Amino acid sequence: MAEAADFQGTSASPARRWLRRTGALLTGAPLLAGLLQLPAATPADAAGQESLQAAAGAGSVSVTVDSLTPSAPSESDTVTVSGTVTNNGKQTVTGAHVDLQVGPPLETRSSIDTLAKKSNDLQGPTGEKVGGKYTEKYDALTPGVAEPFSISVPADKLDLGRDGVYQLAVSLSGETSAQPWDQVLGVQRTFLPWQPEEADTKTKTTVLWPLVSSAHMAAETGSNEQQTPVFRDDELAEEISPGGRLDQMVSLGKGLDVTWVVDPDLLASVDAMTRSYQVRAADGSTTPGKNQEVAKHWLAELQQAVTGNEVAALPFGDPDLASLAHNGTNVTGSLGHLKEATDVADETVDTILHVKPSTDFVWPVDGAVDPSIVKVATSAGADKVITRSDSLQDDLSYTPSAARPIGGGTTAVVADSRMSTAFQGDLTKASASTLAVQRFLAQSLTLGLQTGKQRSVVVAPQRMPSVSQAQAMAEALGALQDGNWSESQDLTAAAKAKPDPAANTKVPSASAYPSSLRKQELPRAAFEQIARTRGKLDKFKVILTRQSRVVTPFGRAMNREMSTSWRGRGIAAVGYRDGIESYLNGLIDGVKLIQKSETKLSGRSAMIPVTVQNNLVQGVEHLELRLTSKNPTRLKIAGDAYEEQPVTVNGGHAQSVKFTTSANANGRAEVVAQLYTEDGQKYGAPVTFDVKVTEVTPTVMLVIGGGVLLLVLAGFRMYTHRKRAAAREAAEDDTAEADDETDGPHDREDAPQNPEPSGARLKEEAGAGSGADASEQPSDPAPDTAAESADPSGTGERVDR
C-alpha cells in the first residue's frame, strides 16, 4: 500500500525512497564485503559490476514503446502498447517480464518536460503495476537480441481517475547470474492523456502546416520565346515525388484541419516544372527535365488538399526577416525587395492554387523577435507577426491566448513553444515518434485543464519538417482532432481572438535575441551584393525592348537570395548570389562594342565606322554611342572633340555607326568609343584605338600637280582644236554662200534653226571635261579612305558567327 503515496505527486514519497535505498544497501552489503576481501576481480565479478552500474543508470535492458493506441483513449477503448526489449548487457536475463505501470497525474506542463527528459531513468517513479494477465514473459533474454512485446489492456483496468495526463511506464524486470533476484532492468515512460468525456470548455487550436523548400531556381532561362526555366538541381522533383517530403506534407495534411502556410516560390517552381524545363548538372551542362507529370500531380493534389482550409502566403522566397532587420536595413534597396516579395505573393498563390491567400502574416525564424524585426516585418504591409512564447514570454501560471497587441496596430500571434517544438529532432525511430506524439497531446490537454476559460492556442512547427517529423505531426493532430478537449481554428480567427489582459505585450530587446540564431544570419555583405546586382539590373533594363524577360526572373532570384533557407548554409548562399551576378554580367556583356585595330587616314577627312554587337535575343534601344578624340587639335570628330549618335540594334545583330572625322595635322590621335544609356550612364567597356594621319609628301604633291597640269594642257589642246575646227566651218560657210549667190537663190528651210554659237558649245564641253563642282579646287587631295556611304546602316545587319 506504500505505493499509493506515489499518486500524491510527481515523485516517489520520502518513505518509499528510504525503503528502496535501504533495501539496496542491505542487498549490496555482502557483495561489497566480498569485493573488499578479494585482491582482484574475476571476469564474472567484473560483469556483475557492469550490470550493477547499468542498473543504476538507464538500465542494462533497453525498452522502446513503438506504438500506443489509441493515443488518447476513452472508457470503452482497449489500450495497446507495443515495442521491443533488448538486452544490452553481457549476461543473459532470466525470468524476464514486461509490465505496464500507471503513475499519478502530472499537474503542470513543466512536469511533463521533466519526465520526457528522464523517460528511461531507472531512479524515477514508475507507478502501480497493472499486473495480472496484462504482462508479457520471456524465458530468457540473450545479450544483443531484441524481443518484441505487445500488451493490450482495457482502459477501465488502468484505474484512471480524474481527467489529466498520466505517466505510463513500460518496465522490464528479471534477474542475472550476478544479481539473482527480480529487479527492474529497463524502463520507458510515456504519457497517457485521459479525457473520456467532452470538455465543458474546449481549447481552440490553430496548427500551421508549412509548405516551404529551399531555392531550386536562379535567374537563368532559355533564349527561346517561352523562356524555358533552368533549375539548379533536380532535388525539388525528389521532394514532390511519391514518398518525398513535400509529397508527404500534402498527402498527410489533406485530411487535417490546419492553416496551410506556403512559400509562393515553391508553387512557382513546381508550376514551372509542369512545362518544359532544363536541369543544370554539376559539370555545367543542362539536360531536359522529365518530371512534368509528377509536378502536375502534386499541384493537383495540393489544390484539393487546401479546399476549405485557410491558406496564408509568406512573402515570395520566404525572406529572412531577422537577417534583414539586423544586417540589411542600412543597405539601400533591401526593404524594397521585401515589398516586392510581398506584392507578388498574392497573385502567385491565387493563380496556381485558385484560392485567395492571407498575406498579412509574417513569420520570423523560430518566432524570435525584437523591435527591429517587428519594424521590418510590418514595413511591407503585414500587420500580424507569428512569434513564439519562448521569445515573447509570460510570467503567468497558465498559458494565455495567442493574440497580443504590441503597438502600432500590429498583432503578435504567439505560438506555444512546447507544442511547436514537439516534433523536432530525429523521429525516424518509432519509439521517438510515439513519445513525441504522446508528449504533444499531454501538453495540449494539460494546457486546457489549467483554467476554466476558453483560450486560443497556435502551433507553429519547424519550416521544413522531415518525412518522419511530418508523419508524427499528422498522427498527433489526428488524435487531437478526435479528442474531447480541443477544437480547430484557422490562423486569422486566432489573430482576432480577444487578447488576455494579463499577457505580456512587450517585445523583447535586441540583446534578448538568441545568439545561436544570430550566428546563422545572412551577413551585411550579402545584402550589399544583392544591392549591387540590383543596380546592374536597373541600368541594363533601360536598353531592353522587352524588359520583363529579364526583370522578372532576376527579381524573383534576388528574393530567393534573402531566403530563410540559407541559414546554416553560408557557402551555398554565397555561391547562389555569385551565380546570379555572374549570369547578369554575361547578359550585360552581350551588348558591346567590337574591338578595333589602328585606323589610317592619309587625307584630311574620312568616315570611321564603329560596330555595336547585340548577342541578346531581344533588341536594344535607348543607347547612344559617343566617339571622342583625345587630341582634337590633330583629329576632330564631326568638327568637334566628340560626337554622339543613337543606337538601336535588333537581337542577334550588329550595327556599324559611322562618324565623320577631319585631320588637321599629321601623326597619331587616340580615339575612344563608349556606349551610354539615355540618362548619361556609361554602358559596358570602352573601346580605344589609334587613328594615324599620314604626311602629304612633296612627291605626292608633284604627282597631284602633274595630274592637274595634264588636265589643263588637255583642255587647252581641246580648246584650240575646236577653235580651228570652228574657223574651218566658218570659211566653208562663206564659200558656200558665194556659190549660192552665183547659182541663185535657194529655199532655206533646210538650214539649222537658231544654231548654237560655237563658242558656247566649246565652253560647255570644256566644263564637262574639267570635272564637276566649280567650288572644289584641283589642289584638294581626294580622301584616301575607301568611299563609304555616310548614311547610318540599318539595324538588320546579321552578326557573323
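It should be emphasised that the depicted structure is a prediction, and the values quoted were computed from it without experimental measurement. One is the number of the first residue; the rest follow in order along the sequence.
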**Request:** Output yes when a side-chain donor or acceptor of D320 lies under 3.5 Å from a complementary backbone atom of M562, and no otherwise.
**Result:** no
**Complete:** What one should report as the nearest heavy-atom pair of S379 and L335 is OG-CD2, 3.9 Å
**Prompt:** Will you find, in the side chains of S656 and T611, an N or O donor that is under 3.5 Å from an N or O acceptor?
**Reply:** yes
**Expected output: side-chain T564 to main-chain D318 donor-acceptor under 3.5 Å** = yes
**Item:** Euclidean distance, L623 CG relative to I543 CD1, rounded to 0.5 Å
**Value:** 4.5 Å
**Prompt:** With distance as the sole test, does T378 use its side chain to make a donor-acceptor pair with the main-chain N or O of K375 at under 3.5 Å?
**Reply:** yes
**Message:** I'd like to check K541 versus V550 (side-chain heavy atoms, cut-off strictly below 4.5 Å). Are they in contact?
**Reply:** no
**Message:** side chain to side chain contact (heavy atoms under 4.5 Å, CB included), that's the test. Do D679 and V542 meet it? Break it down for me.
**Reply:** CA-CA 9 Å; D679 57 357; V542 299; 5.6 Å; no
**Message:** With a 4.5 Å cut-off on side-chain heavy atoms, are V620 and V647 touching?
**Reply:** no
**Message:** Can you confirm whether more than 12 heavy atoms, excluding those of K596, are under 6.0 Å from its NZ atom?
**Reply:** yes
**Request:** Using side chain to side chain donor-acceptor pair (under 3.5 Å) as the criterion, list what pairs up with R232, not counting sequence neighbours.
**Result:** none
**Asked** Can you name the residues that form a side chain to side chain donor-acceptor pair (under 3.5 Å) with D690, not counting sequence neighbours?
**Response** none
**Request:** State the NZ-CZ distance between K600 and R668, to the nearest 0.5 angstrom.
**Result:** 8.0 Å
**Item:** Beyond-backbone contact of R577 with T533, side-chain heavy atoms, under 4.5 angstrom
**Value:** no
**Item:** Heavy-atom closest pair, residues G317 and D263
**Value:** N-OD1, 2.9 Å
**Request:** Kindly state each residue pair satisfying ring pair (Phe, Tyr, Trp, His ring centres under 6.0 Å) with at least one member in residues 521-545, sequence neighbours excluded.
**Result:** none
**Asked** How long is the gap from CD on Q613 to CD1 on I594, to the nearest 0.5 Å?
**Response** 3.5 Å
**Complete:** Taken in chain and number order and not counting sequence neighbours, the residues that satisfy side chain to side chain contact (heavy atoms under 4.5 Å, CB included) with E643 are I637, A638, Q645, F659
**Item:** N/O donor-acceptor pair under 3.5 Å between Q674 side chain and G684 backbone
**Value:** yes
**Message:** Using side-chain hydrogen bond (donor to acceptor under 3.5 Å, both in side chains), reason through Q529 and D578 one step at a time and then give a plain yes or no.
**Reply:** CA-CA 8 Å; Q529 185 172 12; D578 287 347; 2.7 Å; yes
**Prompt:** Any idea which heavy atoms bring V349 and P264 closest together, and the distance?
**Reply:** CG2-CG, 4.1 Å
**Asked** According to the ring pair (Phe, Tyr, Trp, His ring centres under 6.0 Å) rule, which pairs have a member within residues 561-582, sequence neighbours left out?
**Response** W566-Y576
**Message:** Looking at every heavy atom in both A380 and K339, which two are closest together, and how far apart are they?
**Reply:** O-CD, 3.9 Å
**Item:** Set of residues satisfying side chain to side chain donor-acceptor pair (under 3.5 Å) with respect to Y277, sequence neighbours excluded
**Value:** N291
**Request:** Would you please name every residue forming a side chain to side chain donor-acceptor pair (under 3.5 Å) with D370, sequence neighbours left out?
**Result:** H326, S372
**Message:** Working to the nearest 0.5 angstrom, can you tell me the gap between L593 CG and L627 CG?
**Reply:** 10.0 Å
**Message:** Between L321 and V362, is there a side-chain heavy-atom distance shorter than 4.5 Å?
**Reply:** yes
**For Q292 against S276, the heavy-atom pair lying closest together** = NE2-CA, 4.0 Å
**Message:** I need the full list of ring pair (Phe, Tyr, Trp, His ring centres under 6.0 Å) pairs touching residues 587-632, with sequence neighbours left out, sorted by first then second residue.
**Reply:** none
**Item:** Short side-chain to backbone donor-acceptor contact, T351 and E347, under 3.5 Å
**Value:** yes
**Item:** S548 to P553 - nearest heavy-atom pair and separation
**Value:** O-CD, 3.6 Å
**Prompt:** Is there a side-chain contact between N327 and L522, using heavy atoms and a 4.5 Å cut-off?
**Reply:** no
**Message:** Please list all pairs meeting salt bridge (charged side-chain N to carboxylate O under 4.0 Å, His left out) that have one or both residues in residues 623-638, counting only residues at least two apart or in different chains.
**Reply:** R626-E644
**Message:** Checking the side chain of N614 only, and the main-chain atoms of Q618 only, is there a donor and an acceptor separated by less than 3.5 Å?
**Reply:** yes
**Qualifying salt bridge (charged side-chain N to carboxylate O under 4.0 Å, His left out) pairs with a residue from residues 547-562, counting only residues at least two apart or across chains** = D265-R560
**Prompt:** Between S213 and E235, does a side chain to side chain contact (heavy atoms under 4.5 Å, CB included) hold up when you go through it step by step?
**Reply:** CA-CA 10 Å; S213 185; E235 293 179 1; over 6 Å; no
**Request:** Please check if any side-chain donor atom of T633 sits under 3.5 Å from a side-chain acceptor atom of N631, or the reverse.
**Result:** yes
**Request:** Decide yes or no for K592 and V687: does some side-chain heavy atom of the first lie under 4.5 Å from some side-chain heavy atom of the second?
**Result:** no
**Prompt:** Is any side-chain heavy atom of Q278 less than 4.5 Å from a side-chain heavy atom of P229?
**Reply:** no
**Complete:** Tested for side-chain contact (heavy atoms from CB on, under 4.5 Å) against Y583, the lone hit among N585, L587, I580 is L587
**Message:** Whether the H337 and N559 side chains hold a donor-acceptor pair (N or O, under 3.5 Å, no angle test) is what I'd like checked.
**Reply:** no
**Fill in**
Residues at least two apart in sequence or cross-chain that pass salt bridge (charged side-chain N to carboxylate O under 4.0 Å, His left out) with R546, listed by chain then number, are E225
**Item:** Side-chain heavy-atom pair E239, H216 within 4.5 angstrom cut-off
**Value:** yes
**By salt bridge (charged side-chain N to carboxylate O under 4.0 Å, His left out) - contacts of D271 (at least two apart)** = R275
**Message:** Distance check, rounded to the nearest 0.5 Å: L616 atom CG versus D589 atom CG?
**Reply:** 10.0 Å
**Distance in Å, R532 CZ paired with L537 CG, rounded so as to fall on 0.5 Å steps** = 14.0 Å
